[in-house]
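Scroll down for the structure; my scribbles are underneath it.
Positions are given from 1 along the sequence.
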Amino acid sequence: MAAPCAEMEPGAGELVCARGRNRKAVLCQRCGSRVLLPGAATFARRELFLPSMKKKTALLASSSPDGDVLQDHWLVDDMFSFENIGFTKDVGNVKFLICADCEIGPIGWHCLDDKKSFYIALDRVSHE
């Protein structure tokens, strides 16, 4: 596990340190379960579509879900870096990431073609 960041990069906000890693723990917005420890992810900008936040069963049942294109994410390169994460069934070549405790999501995105890229949307989680 990476060490937490002590310094903040100027102008990058209070969530990202000088090394580009998360300064605070990443939590589920709904139940407060810890998803990532401080320093476990890198800030990344990439446009990704995530369906609207729903329980896992509603997400899988929807054929063309409403959603958002989000740009700011935490990038994790090893699925074992997560403290608490769940995955939906395959939707094409994508698995959506959900909270493993309350199953709300999607909070993130993982393409099955890239085994080392797991994205958690900053807008879909809280920080402490």
Side-chain angles (χ1 to χ4, degrees):
M1 183 191 87
C5 300
E7 300 171 12
M8 186 171 69
E9 187 176 57
E14 65 181 36
L15 299 177
V16 183
C17 75
R19 293 190 327 247
R21 301 192 75 77
N22 59 310
R23 293 185 69 231
K24 298 181 177 184
V26 177
L27 310 174
C28 173
Q29 285 180 342
R30 181 179 186 205
C31 71
S33 184
R34 189 174 299 249
V35 175
L36 287 167
L37 294 173
T42 305
F43 179 76
R45 270 224 162 102
R46 180 174 177 184
E47 283 192 2
L48 297 172
F49 173 80
L50 290 179
S52 297
M53 297 271 284
K54 300 176 183 175
K55 293 261 309 170
K56 181 173 67 172
T57 51
L59 176 66
L60 292 175
S62 184
S63 60
S64 59
D66 294 331
D68 305 300
V69 175
L70 302 171
Q71 289 191 352
D72 295 342
H73 304 275
W74 294 120
L75 173 60
V76 177
D77 63 4
D78 180 0
M79 68 184 286
F80 297 107
S81 296
F82 290 104
E83 295 296 303
N84 170 42
I85 201 73
F87 295 87
T88 64
K89 292 182 180 177
D90 299 359
V91 181
N93 69 335
V94 171
K95 283 186 181 274
F96 293 107
L97 282 59
I98 61 173
C99 174
D101 285 343
C102 70
E103 295 189 341
I104 196 74
I107 60 172
W109 183 93
H110 170 64
C111 179
L112 298 172
D113 297 335
D114 185 357
K115 302 293 184 200
K116 290 194 159 276
S117 296
F118 301 86
Y119 293 90
I120 299 291
L122 270 69
D123 290 346
R124 301 280 178 100
V125 293
S126 57
H127 300 84
E128 113 177 337

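The minimum heavy-atom distance linking Ser33 with Cys99 is given by the pair CB-SG, 4.2 Å. Taking both residues in full, the closest heavy atoms of Leu75 and Ala44 are given as CB-CB, 3.9 Å, listed atom of the first, atom of the second, then distance. Between Val76 and Ala41 the shortest heavy-atom distance is CG2-CB, 3.7 Å. Residues Val125 and Leu27 come closest through the heavy atom pair CB-O, 3.3 Å.
Take Ala100 and apply the side chain to side chain contact (heavy atoms under 4.5 Å, CB included) test, not counting sequence neighbours, and it matches Asn84. In terms of the side chain to side chain contact (heavy atoms under 4.5 Å, CB included) criterion, residue partners of Asp78 (sequence neighbours excluded) are, by chain and number, Phe80, Ser81. With sequence neighbours excluded, the residues satisfying side chain to side chain contact (heavy atoms under 4.5 Å, CB included) with Thr42 are Arg21. Asp77 is linked by a salt bridge (charged side-chain N to carboxylate O under 4.0 Å, His left out) to nothing, counting only residues two or more places apart in sequence or in another chain.
Residue His73 holds its NE2 atom at 11.5 Å from OG of Ser117, rounded to the nearest 0.5 Å. A distance of 10.5 Å separates SG in Cys31 from CD in Glu103, rounded to the nearest 0.5 Å. Atoms CD1 and CG, from Ile120 and Leu36 in turn, are 6.0 Å apart once rounded to the nearest 0.5 Å. Rounding to the nearest 0.5 angstrom, the gap separating the CD1 atom in Ile107 from the CZ atom in Phe96 is 12.5 Å. Rounding to the nearest 0.5 angstrom, the gap separating the CE atom in Met53 from the CD atom in Gln29 is 5.5 Å. Atom CZ of Phe118 sits about 10.0 Å away from atom NZ of Lys95, to the nearest 0.5 Å.
In this structure the side chain of Cys28 reaches within 4.5 angstrom of the side chain of Ile104, judged on heavy atoms. The shortest distance between side-chain heavy atoms of Phe87 and Met79 falls below 4.5 Å. Considering only heavy atoms from C-beta on, Tyr119 stays 4.5 Å or farther from Leu70 through its side chain. Counting only heavy atoms from C-beta outward, the side chains of Val16 and Arg23 never approach each other to under 4.5 Å. Put simply, the side chain of Leu122 reaches to within 4.5 Å of the side chain of Trp74, judged on heavy atoms.
At distances below 3.5 Å, not a single donor-acceptor pair connects side-chain atoms of Asp90 with backbone N or O atoms of Gly92.
A salt bridge (Lys or Arg N to Asp or Glu O under 4.0 Å) check over residues 104-127, counting only residues at least two apart or in different chains, returns the pairs Asp68-Arg124. Counting only residues at least two apart or on different chains, the salt bridge (Lys or Arg N to Asp or Glu O under 4.0 Å) pairs with a member in residues 31-51 are Arg34-Glu128, Arg45-Asp72.
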Given side chain to side chain contact (heavy atoms under 4.5 Å, CB included), test Val35 with Phe82 step by step and report yes or no.
CA-CA 6 Å; Val35 175; Phe82 290 104; 3.9 Å; yes
